[in-house]
Amino acid sequence: ILYGYLYPVLLHCCLLIVFVLFQYISLGVASMELILLSIFCCLVTLFISLPLLLFLITRNNRTHSSLKYPPGRMGWPIIGESLKFGSCGLRGVPEKFTLERMQKFSSKIFKTSLLGEKVAVVCGPAGNKFVFSNENKLVRLWFPSSVDKIFPYSKHTSSHTETLILRKLLPGFINADALKRYAGIIDSTAKHHLQSHWANNKEVIAYPLVKKFVFSVACKLFLSIDDPVQVAELSDPFAVLGAGIFSIPINLPGTALNKAIKASNGLRTKFQEIITQRKLDLIKKRSSSQPQDILSHMLSACDEHGQFLDESSILSKTIGLLLGSLDTLSSAITCAIKYLAEHPHSILSLGFKCKQKAILNSKNGETLKWEDIQKMKYSWNVASEVMRLIPPFQGTFREAITDINYEGFLIPQGWKVHWNVYSTHKDAKYFPDPDKFDPSRFDGNGPAPYTYVPFGGGPRMCPGNEYARVVILTFMHNIVTKFKWETILPYEKIIANPMPKPAKGLPIRLQTQCS
């Protein structure tokens with residue numbers, strides 16, 4: 001109202017006054033009648049404008065008469081509280097940012113400013129349910145502006161549109177039927193990885209080796225690439241991509257965003273060569289075989305209009321898929337290794353080790369099958385508890401597509417809405433003694449709905465959650481049946497930048513188990 005109405009009126013009045021002074025100076029007293037006429041016009045303008053201005057202000061107040069902005073603080077101009085949010089992660093206490101503000105302002109909702117945006121953080125199971133249940137009704141998926149810079153899409157689409165397309169494609173590639181075929185491949189990859197990089201060492205640094213395994217699996221299943229040299233060449237630039245996505249959106253030399261853009265450009269050149277070759281291979285084999293990996297699937301798929309997907313979009317989707325699986329799975333597996341070392345009773349309880357040994361002995365040298373994965377109930381309880389304590393990611397953002405009344409507070413259209421796993425994962429109301437490692441929380445029906453959300457929920461449930469489960473359980477099976485281990489740095493700190501990882505990479509001491 002001020003910028004669109006009041007300021008133009010005041011400017012008009014100022015111009016009238018300047019005109020009056022000009023008339024007085026240039027024409028003198030003889031033109032007093034003209035001066036009086038000008039003053040009269042100025043008064044009439046104000047007389048007409050002020051009532052209208054009051055009407056607009058009153059109408060706006062009536063629209064939200066019972067609503068106010070959520071409690072909280074916005075921090076510094078432009079950067080807001082982004083530095084505080086990031087510093088909590090780097091200090092190993094990423095939950096502190098959310099939990100402190102829940103305690104100080106409201107346990108249901110608070111406002112802040114992150115990534116240059118005004119943000120309403122909705123908390124608790126009700127907040128999670130609200131976000132997950134109102135996708136494309138009250139809110140829509142939102143990415144920081146840095147995403148479009150790192151992953152440039154075609155001129156006719158956006159990261160939001162391309163993500164929706166990708167979510168439609170993924171279920172056809174990583175559904176239960178597909179994972180039944182992949183289980184043996186993932187198991188053989190895990191066995192080969194452990195034999196090559198772990199078995200002949202007394203000490204290893206777990207995190208980079210786990211990332212190597214996860215990336216190898218993704219390259220084999222997503223791209224049909226298993227050449228170690230080619231895999232290594234592709235993996236190096238991914239180290240800087242994740243940090244750039246959630247950095248302050250300033251593209252200057254040396255910034256995290258600038259480094260991520262350069263890394264993405266290099267990857268796009270390499271993937272362009274892969275896609276060109278794959279298209280030639282598909283032309284040769286189109287009549288005799290169906291696409292067996294996600295790259296071939298995307299190159300062969302058509303949109304609702306019967307058009308093949310844009311090649312630039314396929315490039316960005318492929319890089320995004322590899323990045324999404326790399327950091328989240330590497331974090332979950334590495335943290336599981338850490339917690340199992342620090343809580344050896346969890347391996348022994350409920351015959352965990354014996355169950356895994358029984359599965360191994362029943363295979364007679366064969367690789368794991370889908371049915372074997374389904375038997376690993378307690379192993380998944382362990383992994384679930386690890387992801388409750390150290391979630392692979394903290395949450396995602398939405399954008400309000402209309403004014404929202406949430407818990408009596410106004411979330412204006414255009415504000416960003418953030419749900420954060422720590423608002424429930426570390427709340428004693430839903431998980432008693434929340435800092436305790438206790439896999440038995442997931443016995444029976446498990447936690448209450450919308451309290452355990454490492455993969456999101458509702459329509460926005462991560463489409464790769466089943467793929468993640470198979471990869472995590474397969475690696476846990478192999479490492480538990482092959483090694484005993486202990487951490488070299490007891491209770492090493494886990495930092496988040498932005499994904500969680502051990503501050504020193506988790507060095508461990510290995511001992512090969514007897515058959």
Side-chain angles (χ1 to χ4, degrees), residues 89 94-95 98 109 114-115 119-144 147 159-171 173-176 179 242 245-246 317 320-332 335 380 383-401 404 406 411 416-427 430-431 441-442 446-472 496 498-500:
E95 69 275 16
T98 298
I109 181 174
L114 300 172
L115 304 173
V119 179
V121 182
V122 293
C123 309
N128 294 337
K129 182 178 180 180
F130 170 79
V131 173
F132 301 151
S133 303
N134 286 287
E135 186 78 17
N136 297 321
K137 299 175 184 176
L138 299 177
V139 297
R140 66 179 178 184
L141 185 64
W142 178 81
F143 292 108
V147 171
S159 56
H160 173 259
T161 303
E162 294 292 343
T163 302
L164 295 178
I165 295 172
L166 181 59
R167 289 182 65 83
K168 293 178 181 178
L169 289 173
L170 278 180
F173 174 74
I174 50 176
N175 56 25
L179 290 172
I245 290 175
F246 294 103
K317 290 187 185 75
L321 274 175
L322 289 168
L323 177 63
S325 64
L326 178 61
D327 286 337
T328 53
L329 290 181
S330 300
S331 170
C335 291
W380 188 239
S384 297
E385 177 68 347
V386 169
M387 289 187 287
R388 181 191 69 82
L389 289 163
I390 308 176
F393 66 98
Q394 295 192 46
T396 56
F397 291 85
R398 304 291 190 274
E399 182 177 42
I401 55 181
I404 300 172
Y406 182 78
I411 304 177
K416 307 308 177 279
V417 181
H418 175 60
W419 64 274
N420 191 287
V421 290
Y422 289 116
S423 75
T424 54
H425 282 203
K426 289 295 185 78
D427 193 323
Y430 315 114
F431 298 99
R441 302 178 197 272
F442 295 87
Y450 297 104
T451 58
Y452 177 69
V453 286
F455 299 107
R460 291 299 307 171
M461 173 73 77
C462 174
N465 63 321
E466 273 300 298
Y467 169 74
R469 187 173 75 93
V470 174
V471 174
I472 292 170
M499 304 299 183

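This is a predicted model, so every value here is computed, not measured.
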As an exercise, state the distance from [atom1] of [X] to [atom2] of [Y], rounded to the nearest 0.5 Å.
X: Leu322; Y: Asp327; atom1: CG; atom2: CG; answer: 11.0 Å
X: Asn420; Y: Asn128; atom1: CG; atom2: CG; answer: 9.0 Å
X: Glu135; Y: Arg140; atom1: CD; atom2: CZ; answer: 10.5 Å
X: Phe393; Y: Thr328; atom1: CZ; atom2: OG1; answer: 8.0 Å
X: Arg398; Y: Asn136; atom1: CZ; atom2: CG; answer: 9.0 Å

Before giving the answer on ring pair (Phe, Tyr, Trp, His ring centres under 6.0 Å), spell out for Trp419 and Phe132 the whole-Å C-alpha distance, their side-chain angles and the decisive distance to 0.1 Å. CA-CA 9 Å; Trp419 64 274; Phe132 301 151; 5.0 Å; yes
Taking the side chain as every heavy atom from C-beta outward, state whether [X] and [Y] have any pair of such atoms under 4.5 Å apart.
X: Val122; Y: His418; answer: no
X: Phe397; Y: Leu114; answer: yes
X: Phe431; Y: Lys426; answer: no
X: Pro392; Y: Phe455; answer: no
X: Asp427; Y: Thr451; answer: no
X: Tyr430; Y: Pro447; answer: no

Minimal non-hydrogen separation, [X] against [Y], with atom names:
X: Val421; Y: Pro391; answer: CG2-CG, 3.4 Å
X: Tyr467; Y: Ser325; answer: CE2-CB, 4.3 Å
X: Tyr450; Y: Ser133; answer: OH-OG, 4.0 Å
X: Ala332; Y: Val386; answer: O-CG1, 4.0 Å

Show the numbers, then the answer: is there a side chain to side chain contact (heavy atoms under 4.5 Å, CB included) between Phe130 and Ile404? CA-CA 11 Å; Phe130 170 79; Ile404 300 172; 3.7 Å; yes
[X] (side chain) donor-acceptor with [Y] (main chain) under 3.5 angstrom:
X: His425; Y: Leu389; result: no
X: Tyr406; Y: Ala120; result: no
X: Thr98; Y: Ser423; result: no

Checking Ile401 against Lys137 for the side chain to side chain contact (heavy atoms under 4.5 Å, CB included) test, could you report, in this order, the C-alpha distance in whole Å, the side-chain angles of both residues, the deciding distance, and whether it holds? CA-CA 8 Å; Ile401 55 181; Lys137 299 175 184 176; 5.9 Å; no
Centroid-centroid under 6.0 Å between Trp380 and Phe442 rings: no
Go through it in stages, so that I can follow the logic: the residues are Ile411 and Ile109, the test is side chain to side chain contact (heavy atoms under 4.5 Å, CB included), and I'd like the CA-CA distance, side-chain angles, deciding distance and then a yes or no. CA-CA 10 Å; Ile411 304 177; Ile109 181 174; 3.9 Å; yes
Is there a side chain to side chain contact (heavy atoms under 4.5 Å, CB included) between Glu399 and Val417? Walk through the geometry before answering. CA-CA 6 Å; Glu399 182 177 42; Val417 181; over 6 Å; no
